[in-house]
Every structure is written in structure tokens, then in C-alpha cells.
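Here is the structure we will look at.
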Amino acid sequence: MFANQIAVLRQFQKREDGVVAIVFALALIGILLIVGLAIDVGRAVHATTRLETALDAAALAGAKGLRLQKLSEGETRELAERLFRENVAEQDRTPLSITSVNVRVDVRKSEVQIDADSELPMQFGQLAGIRKMSFKRSATAIFEAKDIEIAVMLDVTGSMSPPNKIGALKDATKTLVDIVIPEEETGQKVRVGFAPYSAGVNAGSFATSVTGGRSASAGNTCAFERQDLSQQASDAQPSGQLALRSSEDIEPGLGDNPCPPASATILPLTDDKDLLKSTVDGYGTNGYTAGHQGIAWASYLLSPEWGTVVGNDAEAAGYDDKSVQKFAIVMTDGEFNTYNGEIRFPFHPDSVQASKDTCAAMKARGIVVYTVGFQLNAAGAEDVMATCASGSSKAFTADDGAELEAAFRAIAEDIVTLRLTQ
């Protein structure tokens, strides 16, 4: 009998039923712990992403308020911390706890830095003795709204003579000036220049230097195309074959008054809002339409090459200056029908081509070109405006004074938006 019991025990010792289940159960605990830790890590990644997003937004808002709203150091610090906590709360899908926030403000640099410490309780990590994860993140923002330079090409041809047309253009231009040039000092330089045109451009006090003295000897201040017509799209300073033509140089046929009146002369870049508004208010009208010359002068006003002509105060920044954005506004009420003193109806193909070439050259230099067609009724004029613009969203049309002012307002607001976001 005792021998039988020993045999049963030996048989039981050899059996392996249930061993796999035990091993699996032990492994499952490890697998679940690993999966749980992975979930906690995913929660942590999501939480830190939210934390960094909230920090970035708050730091930028603080720097912007410091620069544009002239907030004090204390006001900036309070604004940044408040927005940070609000942003975290709005995004809160995990129990992220902010343990400390430190905001540092450098008024001189318009710089705001935010440091934040936070904790995230673990759900599964506690099984492995990990109760929480701690994070320290920071963000720094420097708000640098760019300086802007705007050259506005204004049609003062004979077809703009009706008071409801030239008057509407004056009102629209003054609206643009009011919007783009801030009333209070913001730390950024905003300058606007005017290039009124008809069959030529009245260069005013600059006529002698841009024509090599020929306009002065001719008794007027009118300027036309480059001496070398193949260089019409160039923005190089006017000398030698790149000098501009005077009335003596062009073909006859424009009559006694080929140029805009003395009241409508070139106005180089300036931030004097009163001067800009009073200048455009005084503009008169006459003459045919050499739109390519107005476009060329818009290019000249924005060209750093013309600093020796317009003087230091009106000298444009270099094209490689990343702190400055340049804009040109091309405006007309009809076909471009005049080129080098020759008039062709309904349009002059050389004027059209020179316009497109100069617009292309400006865009290649980084200038954003807006166009405004006022009461256009010809496909050719619409084609020039569409081609010149820096994309369809930059091309505007207007059928009356209200729409013209709306177009200039939209352009001004777009420029301000670009200045503050790029």
C-alpha cells in the first residue's frame, strides 16, 4: 500500500497541466503594465504639447502688447500669465497641474519669456511606483512688426477729370493713408509715396537729376521713358542711357501739356500723414494714359538705387532687408494708350508690355503688387491689372466711388495684417 502511494506522487510530479496558464498570467501582468505605461507616456506627450502651445501663444501675445500697446513691464507679465493659464484651461483634457509660472520681460528687446513647471498624475505608472511625471517648459517671443514702404501709382489723366472720379480717388487715397500710418508711435516706420501719371510723370524738383538736366532746359519738369527703352523695367538710378527722357526727347504729338499739372508731382516716401493727404487733395488732371510710366515710378520710389535722387529721408530700404516689406499699388481708369510720345487707341502695345515687364520685375524683387481698376470697360485694361497683381486676391475693381474707397481700405487693411504677421 505504501508503495502505491509513492507511485501516485511520482506520477503527479511528472504532470505539467496548468503550467502555461500560470506563465501566461505572470506575463500578462507585465504586458498590461507596459501598455499602461505607454498610455501614460502618450498622455504626457499630449500634455506637454498643450503646455508648449499655451506658452508660445501667451509669450507672443505679451510681446505684441509690449510693443504695440506700450504695456508696462508689470502689465505685460500679468497679461502673459493670464493668457497662459486660460489657454491651458481651455485645452484641458488631462489633469495637468501647473505648479509654477515665471514671466520675464525685456522691454528694450520687446521680448517675453515664460517658464512653467507642471505635473501629470500617472494612471498606470503607479503600479510600478511612478505616481507623477513633472515637466518644465519655456517659450520666448520677440514681436517685430516690419517697417513698410508703399508706393501708390495714381491716375490723374484727363478721363479722371469729372469731380466724382478724381474726388473719389482722393478720398480713397486718404483713407488708405489713415489706416496704414498709425496715429501713435509704434516703433515701426511706415512710409508712403505717390506717383501720379498721365502721358508722362511730373518729376517736380527731381526733373533735372533724372533727365540729365534736359527737362530743366526744356522749361518743364516732365519725365518719360528711359533713354534706352530696353531698360524700361530697370530700377537702376537714372544716369547715362538709363536717364529718363524729357519733352525734348520724345516724339511729337502729346500737345502742349503732356505732363500732369504742377499740382500733381512725384512725392517720395514719407511718414508725414498731413503732407500725404494735403498733397493728394491738390492733384489736378489732364493728358493721355502712359500707365507704364506710373508703374515705373512706383518701382523707383521703392528702389534703394534711387536714394541719391530722392534724398536720405526718402531713401528706400534694400531689397534684402528682412525688417521691411514693400508694396506697390497700381491704379488706372482705362487703357494704357501712350508710349514715348506716341498715342494709339484703344491701347498702345508697347505701354502694355512695359507695364507687365515692370510689374514682373517688381514682384521678382519681393514687392507685393496690388492693382485697382476703376470703372474699367475694356478687356485689355483688365488683363494688365490681373497680370500685374501679386495674385488674384491682390487685384481689385471698382465701379463707383464707394467701391473705390472700399478697395483702398481692403488693401490698407491687408497691408497692416501682413506687417503684423510676417
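Only this structure's heavy atoms are used, side chains among them; waters, hydrogens and symmetry mates stay out. No experiment lies behind these values; they were computed from the predicted model shown.
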- Query: Do S390 and M362 come within less than 4.5 Å of each other through their side chains, counting heavy atoms only?
  - Reply: no
Contacts table for residues 393-404: side-chain donor-acceptor under 3.5 angstrom, sequence neighbours left out:
from : atom 1 : to   : atom 2 : distance (Å)
D400 : OD1    : A402 : N      : 3.2
D400 : OD1    : E403 : N      : 2.8
E403 : OE1    : D399 : N      : 2.8

- Query: Is F84 close to V103 at the side-chain level, that is, under 4.5 Å between some pair of heavy atoms?
  - Reply: no
- Residues N102, R104; criterion side-chain contact (heavy atoms from CB on, under 4.5 Å); working and verdict: CA-CA 7 Å; N102 181 36; R104 292 192 292 276; 2.9 Å; yes
- Give, for atom CD of Q293 and atom OG of S299, the distance between the pair rounded to the nearest 0.5 Å. 13.5 Å
- Task: Look only at the side chain of D155 and the backbone of D333, and say whether a donor-acceptor pair between them is shorter than 3.5 Å.
- Result: yes
- Query: Does K146 reach the main-chain N or O of Q325 with its side chain, forming a donor-acceptor pair under 3.5 Å?
  - Reply: no
- State whether the side chain of D414 and the backbone N or O of A410 hold a donor-acceptor pair below 3.5 Å, judged by distance alone. no
- Any idea which heavy atoms bring S355 and C388 closest together, and the distance? O-SG, 3.7 Å
- Task: Begin with the C-alpha distance, continue with both residues' side-chain angles, and end with the deciding distance and a verdict on ring pair (Phe, Tyr, Trp, His ring centres under 6.0 Å) for H292 and Y339.
- Result: CA-CA 8 Å; H292 64 286; Y339 184 84; 4.9 Å; yes
- Is the number of heavy atoms from other residues, nucleotides or ligands within 6.0 Å of NZ (K136) greater than 12? yes
- Task: Apply salt bridge (Lys or Arg N to Asp or Glu O under 4.0 Å) to R191 and D271, showing your working.
- Result: CA-CA 4 Å; R191 295 185 295 166; D271 61 359; over 6 Å; no
- Item | Within 6.0 angstrom of D313 CG, more than 12 heavy atoms from elsewhere | no
- Atom pair CG/CZ of D115 and R137 - distance to nearest 0.5 Å: 12.0 Å
- Message: Hydrogens and angles aside, do D249 and S246 bring a side-chain donor and acceptor to less than 3.5 Å of each other?
- Response: yes
- Quick one: which residue pairs count as a disulfide bond (SG atoms under 2.5 Å apart) with a foot in residues 309-349, not counting sequence neighbours? none
- Message: Among R409, E405, K277, exactly one meets side-chain hydrogen bond (donor to acceptor under 3.5 Å, both in side chains) together with T175. Which residue is that?
- Response: E405
- Item | Considering all heavy atoms, the nearest V190-V180 contact | CG1-O, 3.2 Å
- Determine, step by step, whether R245 and E225 satisfy the salt bridge (Lys or Arg N to Asp or Glu O under 4.0 Å) criterion, reporting the C-alpha distance in whole Å, the side-chain angles of both residues, the deciding distance to 0.1 Å, and the verdict. CA-CA 6 Å; R245 300 183 177 203; E225 291 83 1; 5.7 Å; no
- Item | Minimum-distance pair of heavy atoms, taken over all atoms of A203 and V210 | CB-CG2, 4.2 Å
- Do P238 and Y300 have side-chain heavy atoms sitting under 4.5 Å apart? no
- Closest non-hydrogen atom pair, I114 against A80: CD1-CB, 3.8 Å
- Message: Quick check for you: to the nearest 0.5 Å, what is the distance between H348 atom NE2 and Q353 atom CD?
- Response: 12.5 Å
- Message: Quick one: does any side-chain atom of S263 pair with a main-chain N or O of G282 as donor and acceptor, under 3.5 Å?
- Response: yes
- Message: Any heavy-atom pair between the side chains of D235 and Y319 that's under 4.5 Å?
- Response: yes
- Message: How long is the straight-line distance from CG of L244 back to CD of Q227, given to the nearest 0.5 Å?
- Response: 8.0 Å
- Query: Are a donor atom and an acceptor atom from the side chains of T332 and Y197 found within less than 3.5 Å of each other?
  - Reply: yes
- Consider only side-chain N and O atoms of N202 and T221, and report whether a donor and an acceptor are under 3.5 Å apart. yes
- For the pair R365 (side chain) and L302 (backbone), establish whether a donor and an acceptor sit closer than 3.5 Å, ignoring hydrogens and angles. no
- Show your working on salt bridge (Lys or Arg N to Asp or Glu O under 4.0 Å) between R77 and E73 and close with a plain yes or no. CA-CA 6 Å; R77 188 180 297 108; E73 182 176 341; 2.8 Å; yes
- Are any of the side-chain heavy atoms of F408 and T173 separated by less than 4.5 Å? yes
- Message: Tell me whether K326 contacts the main-chain N or O of I367 through its side chain, where contact means a donor paired with an acceptor under 3.5 Å.
- Response: no
- Note on the structure: CG of N337 to OG of S351, rounded to nearest 0.5 Å, is 7.5 Å
- Query: Between K165 and F374, is NZ or CZ placed under 6.0 angstrom from the six-membered ring centre and within 45° of the ring axis?
  - Reply: yes
- Message: Looking at E315, is its backbone amide N or carbonyl O close enough to the side chain of W306 to form a donor-acceptor pair, meaning the two atoms are under 3.5 Å apart?
- Response: no
- Message: Checking the side chain of T140 only, and the main-chain atoms of Q113 only, is there a donor and an acceptor separated by less than 3.5 Å?
- Response: no
- Note on the structure: Rounded to the nearest 0.5 angstrom, the CD-CG distance for Q232 and L242 is 10.0 Å
- Query: Quick one: does N312's side chain have a donor or acceptor within less than 3.5 Å of a partner on G307's backbone?
  - Reply: no
- Does a side-chain heavy-atom distance below 4.5 Å link Q375 with S159? no
- Task: Look only at the side chain of K356 and the backbone of T387, and say whether a donor-acceptor pair between them is shorter than 3.5 Å.
- Result: no
- Are any non-hydrogen side-chain atoms of I266 and V201 less than 4.5 angstrom apart? yes
- Query: Taking side chain as C-beta onward, heavy atoms only, is L267 less than 4.5 Å from L275?
  - Reply: yes
